[in-house]
Undergrad: 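Handing you this structure, nothing more for now.
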Amino acid sequence: MTPGCPPRLYDSAFERDSCGFGLIASIDGRASTWLVDQAFSALAKMSHRGGVNADGVTGDGSGILLHRPEAWLCGLAADAGIALAARFAAGLVFLPHDAARAAAAEATLAACVAAEGLAVAGWRDVPLADEPCGPLGLAHRPAIRQIFVDAPEALAEPAFERALFRARRRAEQALCDEADFYVVSLSATDIGYKSMSAPGRLREVFADLQRTDLAACAAVFHQRFSTNTRPNWQLAQPFRLLAHNGEINTIQANRAWTLARAAKYRSPLVDFSDLGPLVSTGGSDSQSLDNMLEVLLAGGLDLLTAMRILVPPAWGAREDIDEDLEAFYEYYALHSEPWDGPAGLVMCDARYAACTLDRNGLRPARWAQSDDGHLIIASEAGLWDVPPERTVAKGRLGPGEMLAVDLVEHRLLDGPAIDAINRARAPFKQWLREEVIYLESYLIDPGLAAEPFAPDVLARFQHLFALTREERDVVLKSLAESEAEATGSMGDDTPIAVLSQMSRPLYEYFRQAFAQVTNPPIDPLRERLVMSLVTQIGREGNVFELSRHNARQLLLNSPILSQRKLRQILALPEFLGQQRQIDLYFGAGETLEQALHRLCAEAEAAVRDGAVLLLLSDRYPQPGLTPVHALLATGAIHAHLVRMQLRCDCNLLVETGSARDPHHFACLIGFGATAVYPYLAYQTLFDMNRRGELKGREGEPLSEIGRSYRRGIRKGLLKILSKMGISTIAGYRGAQLFEIVGLDPAVVELCFPGTPARIGGAGFADLERELRVQARAAETPSRWLLPGGLLKAVPDGEYHMYNPAVIGALQAAVRTGDESLYRRYAEAVNGRPPSALRDLLVLRPAAAPLPLAKVEPADSVLKRFDSAGMSLGALSPEAHEALAIAMNRLGARSNSGEGGEDPARYGTERMSKIKQVASGRFGVTPAYLVNAEVLQIKIAQGAKPGEGGQLPGHKVNGLIARLRYAKPGIGLISPPPHHDIYSIEDLAELIHDLREANPKALISVKLVSHAGVGTIAAGVVKAGADLITVSGHDGGTGASPITSIRYAGTPWELGLAETHQTLVYNGLRQRVILQTDGGLKTGLDVVKAAILGADSFGFGTAPMVALGCKYLRICHLNSCATGVATQHEVLRQKHFLGLPDMVVNFFRFVAEEVREHLAALGVTSLAEVVGRTELLEHLPGITPKQQVLDVSALLDSARPASGGDFRCAGALVAGPSALALRIEQDTAAAVASRRGGVFRYPVSNVDRAIGARLSGAVARRHGDQGMADEPIVLELDGTAGQSFGAWNAGGVHLVLTGEANDGVGKGMAGGRIVIRPPARLRCPTQHTPILGNTCLYGATGGELYAAGRAGERFAVRNSGALAVVEGVGDHGCEYMTGGVVVVLGRSGLNFGAGMTGGFAYVLDLERDFVDRYNHELVDIHRISLEGMENHLQHLRTLLRAHIEHTGSAWAERLLGDFRDVLHKIWLVKPKAASLDALAEELRRAA
Amino acid sequence: MSEKTFPFLKFHRALPSEVPVPVRVLGFAEIHAGFANGDGTDQAARCLDCGNPYCSWACPLHNRIPQWLKLVQAGRIEDAAALMHETNPLPEICGRVCPQDRLCEGDCTLEEGFGAVTIGAIERWVTDEAIKRGWRPAVLAPKTDKRVAIVGAGPAGLAAADRLVRSGVAVDVFDRHEEIGGLLTFGIPPFKLDKAVVRQRREVLEGLGVHFALGVEVGRDVPFPSLLDGYDAVFIATGAYTSTDGRLPGQTLPGVHAALPFLIANVRRLLGTERPGETLPDLAGQRVVVLGGGDTAMDCVRTSIRLGAAQVSCVYRRDEANMPGSRREVKYAKDEGVVFRFNRQPLEIVGGGRASGVRVVETRLVTDGSGRARPEAVPGSEEVLPADVVILAFGFQPSPPSWCAQFGIETDASGRLRVGGTGRLPLQTSNPKIYAGGDTVRGADLVVRAVHDGREAAGSMLRQFGLPAA
């Protein structure tokens, strides 16, 4: 069903996976069949967390790891006639079906086993069932045999395990060319079984697992969801030790550094030197992590230490952490970097079964303990069959927490117990105190003024490094003045660097990677506590060697150096005689490439010579010499030293004039720099300041320019890291998280090996030519600076695709409706110098063109056009509505954007048919969702993928505030991630939730182009989407940091072609409508996009221009003089001249142009050209760089064998749960007649989004609150699945006795949710979780009462709901803009981050809340008996309501003691809201 | 956000105060003062700093207008002047004489609905102010051994001189007139461009090292070959002084004057350098009819008003919307009492022995879909406009020096020097050592385009010399 050979834009390295996981263990170490049964039944209940393949049956894989099932193994061996020694190991082995190859592989493995002094006891065939595998699983199933290995007598278990480890690794190395050889596990203590089967049917595949003698004392299990569909049994989990839910964002850095560090890993216990690469460089991130854990354990660390080193908590920013423990983390951080990213990990080795969570708590992990000593931990609550009265404790793991069962000493180890073990391993604190070097830092950095350049020297440097006036006046100035990047708006309409006819900085060929769907970006401002830029300098030590010498390192709090710091470092006695300056210059007698090789050799020699510091410097130019670009040099030297295994012996300090904005630093560090000293940026700023061009506060000249500039850069760096979901600079350094667009493979190979670069481009000769021209220009320095023109269309600067001529022509055409004027516009666009990749592709006209009349009519073309999401908030209501009216009249669709929509527009011509669901969830209510034909989940936007947004307070007027459920004048923050999408199965959940609310709508997911987007899209299709948009990097924005607009995302041509090819390759293309957007301007653009794979087309900027936008790029200032992008009353009323007809004219013109091109191609419809890349021809281009571009990968033909309609098969939708349907039927009459009723049901964790379908039905008939006074009550019993009560409408009351999982009440608009524990549960409610993470996300109203604790990010982005809970995890009330939250128990860290509205009452019995809330935007007050009677009354009322609904004994106790308790309660409110105003509100509400 | 982002709403477009009509028509002083304290800054603050700087795009020199407006806003007058000089060697002059309403200000985003930023007035004020404060354009490169001769000290010649001298090239400028400026001095009336401004610019240029040889006509006083031999390159910018011949019957009658001699005579009178045979007609109490609708016509009518004419009318064959002259000039002329007779085609100057009137016919405009609307006579609508003095302002043709052909400099049919094209640098003539620009090349055109040519020609010469372009 799929073509055999992968298309060129697809790379299996892009594949991502995620899933559900679990662990069950008997603390007493009693093996039982009950435990095994529990594991399989729990696994079956997580099927919805797994992915299903294109065949609709086969899952992405699941597995189980069993601890010490010895009796059963002996039974298996005995049945096969294998006699075992007293100590033996067993393991499953995947083998080729070919008998000879299988035999060879077996022999190799046996030989390796023998080489370690062990003996193979025997092999047996593993019996398998076919049907449960599903068609794809079966087709790709390897041959599976089981091996038994005997230990020699007297060989202790740990030594036996090490020997097995070595044998297996050696065999893997020997058989690296045998792709079908794979050892599932080979251990004396644990054995893994895994398969690709239909979700939940693992046990049916293996007869072994159905034997009645199968008993174990611990089991780890896993259900996989991967973005790819190329079935691979090897990637099912658990691996040999662990199973992972989430994604390691830093994987590239981790793999690279592990390789670089290979020589450093020396253990007396085991020899690693002949095992090949210690971690896999292909396969999945989880697999590599498993490899690494294995290495650390084999080398002698125990599981508790190893895991805490690999995935540490955020210890750096915590003030409450124990000093010895902190020292433990800091000590190990000197020689390793965290494996960072969303991670819920369960694992099991010979001694421990454990679970740990990443520092940000981005995956759920709930645990429960039974009275007979069993512990279960899993992604969800409600998986096991232990009645409430037998449950003695329940909990959830918080961010960075770990829980373990000591299977030898039979103890449950909680976090503090594990910490106690770890910190006592060595006198870490003392070692650090005595050995670590910190630089003396000064409050003010006078160093900058120490060596100012003379004006002519400065000018020479500025020309040498092509610093433009624009860069100086916009980029540098803003960084120094405001300590932040400049903000811009609209998109990037300049040619990509390689297409430009000018010479563009090398950094511009690099596009930043960003997280989308499979992992979340982080908010580096509001969640600052997980971030760190700490950089150490020194020679790395051996992690297996516990020694004070390993602590001998220099620590810097940031990799951006001041002049003083650099001088101090170079002068430290520790580094005297151990440093080497490498000048980055080359002369006429050498080519750039030769120079790079020479520099690599120099660096290698220096390190071999003992240099610990390499100073790569372009600070000392010499006449006649040309600089080697610092990025080329850094990348090449870093890669070379890694290859030579020398990189960990030295540090690369880069002293360069080329680094100016945060992206430049990110590139240098991402390709290996340890620290950077940007001397030219400092010198330029110093010069500006000297001339009085920099303003400090109150218009004074700045005195601390360097410090301010560094702060700005640091902020920008953190943003770039967080965009990829990475928390620490150590995880970013050397990670190469970029896609290169436009460099030749030879350049990439030498300087940036392994970085995706898919269209070739500028080679060494081209780069050398540009560098030499620049160097020559610098010889006569006293000229003014180059103008720049990248940000604004300067006439003598870079070409802009929306230049004044194009804007003028378009507006003239649409205002007059004159077709000849449109042609003039289309010619100006279609005939421009090549600026976008598509400009190098030209249509191949047919030999026999069709008459125009034969081509489908314009109306049918127009149906494929959408307007891109632009929020009311960014746009004026007039512009927003004019656009909606025009699209509706055309039979096309407009997109609401993320700002909600006025209900008055529902059902009228002014309604947007596409409703966007973005991370801020502004105004997303059930009525909003049901009034849509398409629901678009905006994962990323072209102008700033991986980042959140901010609507400044001055744009929030009455209307905007009403629609967004906020207060006028108060700024609104959209978080970087969707807080209910941290991984692919979360997206599946959100799609499910939205479908429940509006079963008729198509669900769309908006992605941004970057290498790997196709694979993500495959995952999105598997998650059930109907429509995918792939946006180009050039999309517009209302406001975004300039580096985000310019350096993230790639052209849509790449992303679209990759997505189309990948989906076809995976057999998924028929299940989805594919759309692209990003700078589409003409019919020709549309036809080319269709040929590259698009069914549908989004337009953002062009219709705005049609409405009068003149591309002023001042949207973020609210002063748009054309009234398009402003909320200013006068500008909107008097100066907005746009009419729907102008937009109608534009799209009609475009559609007609499309028809003409189709006729010329000889086809009758757009559908016919989708994917037909043979209709495009490659043009050579007009510059040397354009001529070497290879866009042929874009043209890999990808049409499924069937051809035809690309969306014939429909979305991969699992269908609603039976319970949801039953509720819908039972309540239909009550909804129709608008009368309430009470209905009762049992519920289990597989029943997801219960209530959403009903709320959707209510909202469709009666609006958000139409049934508020005639409520329908659902009384439910059991454990509710995820998204319980999502999009709850007024009049829907859910009363759950039991507990709930993540996402309770997300998007709730009204009604009530009550959750109370079963009466038989004995755990105290204030210590026991009852709901999961991110509950009430984006709620706009309603009430929630829960007698128990909530998880992380409770009430995130809440803008109206009232909630009472008995404890919350970290980041409570984050980004909250309205509503009231009462926390009657302990709250986690970072409470109230980004909170701008509403308020909270928080009980603080431990009296440490002051350290636990985020001080940026909120303040806290005691509720005094005088003057705050309103609050006192309010709180008492809420307590009573809570008791009434939940019967909470804890709340009763608090109320009974109210006067005393009051002293321990804080009122938390936004600083911007006055106490009086709050009181007034309460009075009015009362 | 505060009002900071809305100065364009807070401050209305305002030009510096205008001298009242009854006062200004009494003399030849400029009719605008500079900006009062702070006004210029406020006006500069109105700039939106558009992503698409339409003003820069519309300016033939691509002046960095938003950037210097920002500097003005910050009170950085000298820096603004320096930035102005980066693209424009004569900003105070362009600020005065450019038809901004058709160029930068006409394309200003604020023009639609708000009123454009007063770019010209700011340009003029800032340059005047900076020079007054003692600021001077910076020398950009050390002296070289290159020498260039420039023929013609008009805007093109001055622009080239500025660029060359600041790039270290020695420059001698030859002009047959007694003062520099060409039309800037002799063509444009002082109420638009005070002659002190030109003199100020002369001092600036001389301060930079430019040498002017005035009253020297190349080909008469200095043989052209001596320039070719003595210099590394020659720039010819001799302007367009030949009047377009309207071929009107009666145009040779006494009382009929050509525009340019009329304007020149007036300037010479004011400068005190009158020459015999170039006397200005006495217009006191006369009825003056000026034929033509361009800026020169406007100069003539407004000069006539100031010379005391009893009645001044302007006759133009198309309608007001189709006039080539700057709207602003038309408005001033109207304010000063000029009567416009649009849609009138002159047929003949009548009079026995002396002009006494102009016979005209009414026209209507017809469009045939291509190009500009064409006037068509309305049959039977002839009339005679009485006149004592008739001034012909139909435009000008280049006046190529007679020796051009001799040195291999190609010209086109209408006498314009040919420059550029394949194998040549911009503005290089068919003689590789000789460059030309301004009206000599374009025919009568805007000052700003002449400045552009001078600047670009200098750039080409520098390239030819292997020097970095300024």
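Note on naming: letters A, B, ... go to the chains in the order of the sequence lines (proteins, then strands), and numbering restarts at 1 for each one.
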Undergrad: Tell me, for A/Glu470 versus chain B, whether the close heavy atoms (under 4.5 Å) come from the side chain, the backbone, both or neither.
TA: neither

Undergrad: For the interface with chain B, which of A/His800, A/Lys1134, A/Met490, A/Arg691 has the highest count of heavy-atom pairs at distances below 4.5 Å?
TA: A/Arg691

Undergrad: Tell me the residues of residues 448-457 of chain B whose non-hydrogen atoms fall below 4.5 Å from those of chain A, in number order.
TA: none

Undergrad: How close do A/Gly692 and B/Arg76 get, counting heavy atoms only, and between which atoms?
TA: O-NH1, 3.0 Å

Undergrad: Would you find more than 12 non-hydrogen atoms of other residues, nucleotides or ligands less than 6.0 Å from B/Glu112 atom CD?
TA: no

Undergrad: Which members of residues 47-57 of chain B, sorted by number, sit under 4.5 angstrom from chain A on a heavy-atom basis?
TA: B/Leu48, B/Asp49, B/Cys50, B/Gly51, B/Asn52, B/Pro53, B/Tyr54, B/Ser56, B/Trp57

Undergrad: State, with a plain yes or no, whether a side-chain heavy atom of B/Glu86 is found less than 4.5 Å away from one of A/Arg469.
TA: yes

Undergrad: Is A/Glu693 close to B/Asp79 at the side-chain level, that is, under 4.5 Å between some pair of heavy atoms?
TA: yes

Undergrad: Side chain, backbone, both or neither: which part of B/Leu71 has an atom under 4.5 Å from a heavy atom of chain A?
TA: neither

Undergrad: Between A/His1135 and B/Phe114, how do the two ring planes meet: parallel, tilted or perpendicular, split at 30° and 60°?
TA: parallel

Undergrad: Flag the one option from A/Asn1118, A/Asn803, A/Val794, A/Asp493 with the top tally of heavy-atom pairs under 4.5 Å to chain B.
TA: A/Asn803

Undergrad: Would the number of heavy atoms belonging to other residues, nucleotides or ligands and lying under 6.0 Å from CZ of B/Arg463 be above 12?
TA: no

Undergrad: Report the C-alpha separation of B/Leu83 and A/Trp784 in whole Å, then their side-chain angles, then the decisive distance to 0.1 Å, and conclude whether the side chain to side chain contact (heavy atoms under 4.5 Å, CB included) test is met.
TA: CA-CA 9 Å; B/Leu83 191 52; A/Trp784 37 74; over 6 Å; no

Undergrad: So, for A/Leu1131 and B/Phe8, which heavy atoms are closest and what is the spacing to 0.1 Å?
TA: CD2-CE1, 3.7 Å

